[in-house]
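Note that the structure is predicted; figures quoted are calculated from it, not measured. Throughout, a chain's letter reflects where its sequence line sits, starting with A, and its residues are numbered from 1.
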Amino acid sequence: MTQYWLMKSEPEEYGWHDLVRDGEGVWDGVRNAQASNNLKAMREGDLALFYHSRTGLEVVGIMRVSAAAFPDPRDETGRWVAVKVQPVDPLKRPVSLKAIKANPKLADMAILRQSRLSVAGVTCDEWKEILRLAGNAE
DNA sequence: GCCAACGTTGGC
DNA sequence: GCCAACGTTGGC
């Protein structure tokens with residue numbers, strides 16, 4: 001069964017367009033225990049929302065986990081992990097943080113409860129609702 | 001740019 | 001093992 005996630009990045013740092021350009025990206029640099037546990041729980045084939053933090057404040061795309069957790073190549077301590085992701089589809093209409101907050105179905109999302117969590121789980125219902133708002137629902 | 005929230009570090 | 005100081009993140 002597919003699990004759903006939301007992953008944050010500042011667009012200036014590494015944005016959706018960078019991932020599209022690269023075709024595949026290594027999601028490294030996560031240095032938070034809770035976020036790291038989420039990375040470890042990911043399996044190949046899981047789906048994730050790409051969220052632009054700080055200067056974007058919106059969900060912009062859908063990606064697929066293409067490799068489960070492995071040691072973060074940029075981490076010398078060996079404590080942290082990274083995953084690989086591939087872009088699947090851009091959202092037809094990006095879903096803003098404001099829209100998420102305003103939607104009762106999304107009011108319990110992990111990123112609202114803990115805004116600093118950079119890798120968070122998304123429930124199946126939340127996933128469907130966001131894709132519906134984005135116009136990407138099948 | 002500011003500041004609140006939160007995690008981490010280090011002195012004791 | 002506690003907790004104050006500090007650093008980082010991310011919304012505003």
S.K.: What integer distance in Å separates A:Arg116:CZ from C:dG7:P?
M.R.: 14 Å
S.K.: Considering only B:dG7, C:dG10, C:dC12, which nucleotide approaches the side chain of A:Gln114 most closely?
M.R.: B:dG7
S.K.: Using whole Å, report how far CZ of A:Arg79 lies from P of B:dG7.
M.R.: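 Going from A:Arg79 (CZ) to B:dG7 (P), I get 14 Å.
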S.K.: Going from NZ on A:Lys101 to CG on A:Leu112, what distance comes out if it is rounded to the nearest 0.5 angstrom?
M.R.: 6.5 Å
S.K.: Donor-acceptor pair, distance only, cut-off 3.5 Å: does the side chain of A:Asp75 make one with the backbone of A:Arg79?
M.R.: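 Yes, A:Asp75 side chain to A:Arg79 backbone: donor-acceptor pair under 3.5 Å.
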S.K.: Between C:dT8 and A:Lys8, is there an OP1 or OP2 to side-chain N/O distance shorter than 4.0 Å?
M.R.: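 No, because none of the side-chain N or O atoms of A:Lys8 sits under 4.0 Å from OP1 or OP2 of C:dT8.
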S.K.: Looking only at side-chain atoms of A:Lys101, point me to the closest of C:dG10, B:dG7, C:dC12.
M.R.: C:dC12
S.K.: Starting at CG of A:Leu97 and ending at P of C:dT9, how long is that distance when rounded to a whole Å?
M.R.: 18 Å
S.K.: What's the CG-C1' distance between A:Asn32 and B:dA5, to the nearest Å?
M.R.: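 About 12 Å, once rounded to whole Å.
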S.K.: What is the separation between atom CD on A:Glu12 and atom C1' on C:dG10, rounded to the nearest whole Å?
M.R.: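 Taking atom C1' of C:dG10 as the reference, CD of A:Glu12 is at 12 Å.
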S.K.: Is a donor on one side and an acceptor on the other found under 3.5 Å between the side chain of A:Ser66 and the backbone of A:Lys84?
M.R.: yes
S.K.: Please compare A:Gly29 and A:Lys98 by the position of their nearest nucleotide in DNA chain C and report the one closer to 5'.
M.R.: A:Gly29
S.K.: In whole angstrom, what separates A:Ile111's CD1 from C:dG10's C1'?
M.R.: 11 Å
S.K.: Do the side chain of A:Arg43 and the main chain of A:Ala68 share a donor and acceptor less than 3.5 angstrom apart?
M.R.: no
S.K.: Just the rounded figure in Å: distance from P of C:dC6 to CZ of A:Arg31.
M.R.: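 About 24 Å, once rounded to whole Å.
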S.K.: Rounded to whole Å, please give me the gap between CD1 in A:Ile100 and P in C:dC12.
M.R.: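 That distance rounds to 11 Å.
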